[in-house]
Amino acid sequence: MKAPLFDYVNATSLDQALGLLDQYGEEARIIAGGQSLMATLNMRLSQPQVLIDINSIQGLSGVRETRKDIRIGALTRHMELLESDIVKEHLPLIASAMPHVAHVAIRNRGTIGGSLSMADPAAELPACCVALDATFELSSRSGQRVVKARDFFSGLYTTERQDNEILTQITIPKCAPQQLHYFEEINRRQGDFAIVGLACTAAVKKGLMSSKRSLKALDVVIFGCEDKPTRLAQTCLHLIGTSIDKNTITAAKQKLEQELNPTANLEGRADTKLHLATVLLERALLSLARDIGTID
Amino acid sequence: MDNQRPSDRESIIGKSVPRSALRQLVHGRGRYTDDIQLPRMLELVFVRSPLAHAKIVNINIDDALRQPGIAHIFTGADIAEICKPWNGEAAHRPNLKSAPQYPLAMEQVTWQGEPIVAILAETRAQAEDAIDHVFIDFEELPAVVDPHGALEASAPLIHPDLGTNLADEQLIEAGSPDEAFNKALHVVEADFTFGRQTGVTLEPRSVIADYNSGSRSLTVYQSHQSPFQMQDLYAQNLAIDENNVRVICPDVGGAFGVKLHIYGDEVAAVASSVLTGRPVKFVADRMESFVSDTHARDHRVKARMAVSANGRIQAFEVDDLSAVGPYGHARRFSIVEGLQTITSAAAPYKFKHYRGRTRIVYQNKNMIGMYRGVGLPIACAVGEQMVDLAAAAVHMDPLEFRRQNYIDDDMYPHTTATGIHFEQLSLHQCLTQLKALMNYDELRQEQQQQRERGIYRGIGIATFIEQTAYGSRYYGPTEARVSVQEGCTLKLEPTGKVRCLTSATEQGQGTTAGIAQIVAEELGIGVDDISVIHGDSGTTPYGGGSWASRGAAMAGEAALKAARQLQSNILEVAAALLDLAPQELTLSRSRICLKHNGQSCMELEEVAKIGHFRQDQLPADLQPEFAVTRSHVPRNDVPPYYVANGVQASYLEVDTHTGIIRLLRHWAVDDCGRILNPMIVDEQVRGGIVQGIGGALLEKCHYDLQGQMLNASMADYLVPMASEMPDIHVEHVETPTRYTQLGAKGVGEAGTIGAIGVMWCAINDALRPLGAQVKEQPFTPEVILDALKQTHQ
């Protein structure tokens, strides 16, 4: 388990890194926390010509707050997100997901940009970003562009990022005061990738004529099933405008079974994963219903 | 025999004395094989088979030889020129078939991961770079993966010369099982599938070989449990005079039986040093460890048990099918798991009619060998599950059912229907103690209350036995050249300190600390006055090493004998100096004291000094003998093992929606005879339980139908982690064996042996009200959900 030969450049500016990316294209790999890349290098699953280290680039790290959004630098470590008061206050879904992101040693090094760019279909942060309608800033020599998280993930370990681009910043709208969220994943050991996971956000509308409250908005994302985080658009559409009760939950589980097409892996067959996804959906909806008071 | 110890001073045996040898490890000053750097050393990597079964048509190394840093490249034929193959046959079992095994594959490969070509380079990275430049043409053959399929007439033969894929079949029969089953009121039956596991050691297998062509001597540093076995192997198979072969086991980071075996890659590394005249290092990386470290388990078992209306076990039957990879492990055999399964399942119970059969088959997967517990976890899981089913059939509480069917305390010595001899077990006492420890009755009430709320918790109880410290009556007839005696040399140094050279080896478990306690106790000195030297076939007395939970029981007894002799020799010199009789004296707190009142007469250091430097002060005919060697081997007229026993309990919760299991609490009451160091013993039990829980819930070597291992990395092969582990409460009963003066039995495997079975019982206890039972481990969410689904249909 020794990596094959490669050149290593410790980039000190974004320009330098982008220049190298331009030059080497798909023969280059960006290294941030290195928590996945180092293993794939040592297993010789990845044999780049040059490794561009972005850890020394100033300004790529940190969490800050604007009037409407939270901006997270791509080089922000998982541990920083986990401990961030801004995240706790304004991005409670991310705050609930962070304890499930790997183990302490990995969190100390691993970065949000690395996790999103890696696009592991069973990872927590891609799913949360899709649920929260985050936008990603991609930089290249030719400038910057913004891609919505919902468009960014294109398949198994593949994204819309071009070979000459670096993911530099993640922007997530602040959670509104009435907004609800739910996060849960099923795995055999805390910190492992999920067998199946669910991240969701919801907003509630108060009835004008009655105290009965219904769902104004709902986004449910399942991860660990398909080749990328799956947004259950049809299932959510079916639920929006309803108040959650036993019947709507049963119907929603049926919708999910039509909408989700899990792929088997060593952790479970497709039918097992589909079943687990319905269990998580039910738990999420029950939790939301308790939050809005339609079910005790 | 004499289990007495001097009563005139505080005893060190039985105290939780901290292990001073650990200090160097926490200081980062451990010295593992990979830490050793020799001049002119080459690094070795292997080209391993990507296929499970294939003919090797051609090997082309020309391009690889031209790569930077490459010194030599050897194929199987090159190594075979100087190294004889070995074979997993046993002299007294003529039906056991096994093919000769060469260090590197010869004409065919028989498992994915089998080493084919050895590349030696100046650096490991250079050697790895050259792998892609070795070109091997294979003619792929159909792989035998399924154990049942291996026995079908149409199955391809892995070794055509053997004429069959069946390695061996063993039968045991006692009483009249057919008649007993026919007459029985209740017969319960079940099938069990045990997944393949491997022992994951923190330090991978490692070896450095240094052959000196001038002196024709071989020094090998090896992360191994038995330097003596390897010395013998290198002398025999590489034809080097044994007095010139020295095997040193430096610090070893975990072994669990994995490092007891003879591995083709390790022997090829040693042979490479002989061929090149340069030191050669091979350290298995984590990826190749998964496909080359010995695997374990992989059994299919059918069992049935007959029980009377009043809950007495009448008869028992076990049919085991064990798949062991393509070869039998030389000297250790791959039939042992199967044999243990049929001799030890339900062995704590007093039934008379029994039939057991095990069939051992070859297949195209990595080899199966010794791993903590060796078959006993399977025996325990099968026996205890059947006991639970029988108890349920007669509507008895499973704990009371066990008590009623255990061998009675007045039946010892006792030979079971399965053929095991028990000197003395403490089954009833352990169960009584466990029941109190876990608050069994309250826990059952709590379980019932939770069930009413839709929460499914299970309580499992598993009784286990552990045949420890196997002796000569077992290994001798195999002609396997496995030493079962252990030795100890004690040297009194001129300052009154002691060096202890033991044949026991240390892989992290603390055996050598226990041995120091024995010596300290007998010589009346502190444990820090003793240095223990171990793991060196060139300096320590010959022995077996550490395996089969033998260290404390066997090497401990040798140390006790040596210490008593050294004490006698010291007192003889002291008596001459004091003009007293040796019988009037004793050793205590590093002093020579009067036995009758404890009065100090002189320092031990003074005796040591005179004995070494001032012999002129001694009587003319007195020879001070301050170096003593003693051995211990079990007597031939007693059973070839000391049987330990115990009982474990587990309390867990099954999420019936997700199949996730949450461990709530775990208890163990263990009887390993005399306890040398409670802290070490407790942690052996806990560590063993955690490893067993790993097997029960997490660990499985996944193979596809082509014999490819699918999860050969730490990301996909899940081992237990602290966050998921329950609190484990450990208590003891002490029933010393009377076969030794020390009275210790083994404890290293106890935790693992009971853990899979107790988890299985607890899970099925949780699922029983839902009509579901799991039949396959590890108990993944999918296994649980599938079991629950079957009840809905």
Side-chain angles (χ1 to χ4, degrees), chain A residues 1-6 35-45 47 99-100 102-106 118 120 122-123 184-198 224 249 253 262 264-284 286, chain B residues 43 45 68 121 123-132 204 283-289 655-663 693-694 696-704 709-725 778-786 788-789:
Chain A
M1 282 183 70
K2 299 286 179 200
L5 279 180
F6 54 80
Q35 296 304 294
S36 300
L37 182 61
M38 288 308 296
T40 58
L41 286 174
N42 286 340
M43 294 177 190
R44 295 186 178 230
L45 297 172
Q47 307 209 0
H100 300 275
H103 308 276
V104 173
I106 295 172
M118 179 80 186
D120 190 301
E184 188 176 349
E185 67 177 51
I186 296 169
N187 52 20
R188 291 193 278 165
R189 299 185 311 184
Q190 168 91 25
D192 284 350
F193 283 114
I195 302 172
V196 178
L198 176 148
I249 290 175
K253 284 164 72 178
N265 64 12
L266 291 176
E267 290 293 334
R269 296 184 309 263
D271 63 302
T272 304
K273 289 190 171 228
L274 195 61
H275 165 79
L276 292 174
T278 63
V279 171
L280 289 185
L281 179 68
E282 177 163 11
R283 287 181 180 177
L286 283 172
Chain B
E43 296 264 357
V45 303
T123 70
R124 167 105 193 181
Q126 286 171 329
E128 286 190 24
D129 284 343
I131 289 177
D132 287 343
V283 179
D285 69 27
R286 226 341 72 240
M287 310 284 289
E288 65 188 336
S289 292
D655 182 330
T656 53
H657 303 285
T658 63
I660 292 284
I661 292 157
R662 192 158 65 95
L663 306 178
I693 290 174
L697 296 185
L698 300 165
E699 299 183 43
K700 183 179 178 179
C701 301
H702 286 275
Y703 275 87
D704 69 12
M709 187 172 170
L710 301 175
N711 61 332
S713 86
M714 294 301 289
D716 297 318
Y717 183 93
L718 306 187
V719 295
M721 296 179 86
S723 52
E724 275 69 43
M725 291 303 112
F779 313 113
T780 63
E782 191 163 84
V783 166
I784 304 282
L785 291 171
D786 284 352
L788 285 162
K789 219 187 292 175

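In this text, all values refer to a predicted model and were calculated from it rather than measured experimentally.
With a 4.5 Å cut-off on non-hydrogen atoms, B/L718 touches chain A through its backbone and its side chain both. For A/R44, the part lying near chain B is the side chain, with the backbone staying farther off; criterion is any non-hydrogen pair under 4.5 Å. Looking at B/V719, the atoms closer than 4.5 Å to chain A (heavy atoms on both sides) sit in the backbone and in the side chain alike. Residue contact with chain B, scored on non-hydrogen atoms closer than 4.5 Å, is absent for A/L280. Using a 4.5 Å cut-off between heavy atoms, B/L697 contacts chain A through its backbone alone, with no side-chain atom that close. Contact of B/I660 with chain A is made through the side chain alone, with heavy-atom distances under 4.5 Å. For A/L276, the part sitting under 4.5 Å from any heavy atom of chain B is the side chain, from C-beta outward, and nothing else. In this structure, no portion of A/N265 lies under 4.5 Å from any heavy atom of chain B. Only the backbone of B/M714 comes within contact range of chain A, with heavy atoms under 4.5 Å apart.
By the 4.5 Å heavy-atom criterion applied to side chains, A/V279 and B/D655 are not counted as neighbours.
Residue A/K2 places its NZ atom among 12 or fewer non-hydrogen atoms of other residues, nucleotides or ligands, all under 6.0 Å distant.
Side-chain atoms of B/E128 do not come within 3.5 Å of backbone N or O of A/P4 as any donor-acceptor pair. The closest donor-acceptor contact from the side chain of B/N711 to the backbone of B/K700 lies under 3.5 Å.
With respect to chain A, the highest number of heavy-atom pairs below 4.5 Å among B/E724, B/E288, B/R286, B/H657 belongs to B/E724. Chain A forms the most heavy-atom pairs under 4.5 Å with one residue out of B/P781, B/S713, B/S723, B/A127, and that residue is B/P781. Most heavy-atom pairs under 4.5 Å with chain B, from the set A/E282, A/H103, A/E267: that is A/H103.
With sequence neighbours left out, the ring-ring contact (aromatic ring centres under 6.0 Å, His included) criterion links A/H100 to A/F183. Judged as a ring-ring contact (aromatic ring centres under 6.0 Å, His included), and not counting sequence neighbours, the contacts of B/F779 are B/W760.
Side-chain contact annotation: A/T272 with B/E782, donor-acceptor N/O pair under 3.5 Å present.
Exactly one of A/Q190, A/R189, A/E185 qualifies for a side-chain hydrogen bond (donor to acceptor under 3.5 Å, both in side chains) with A/N187. That residue is A/E185.
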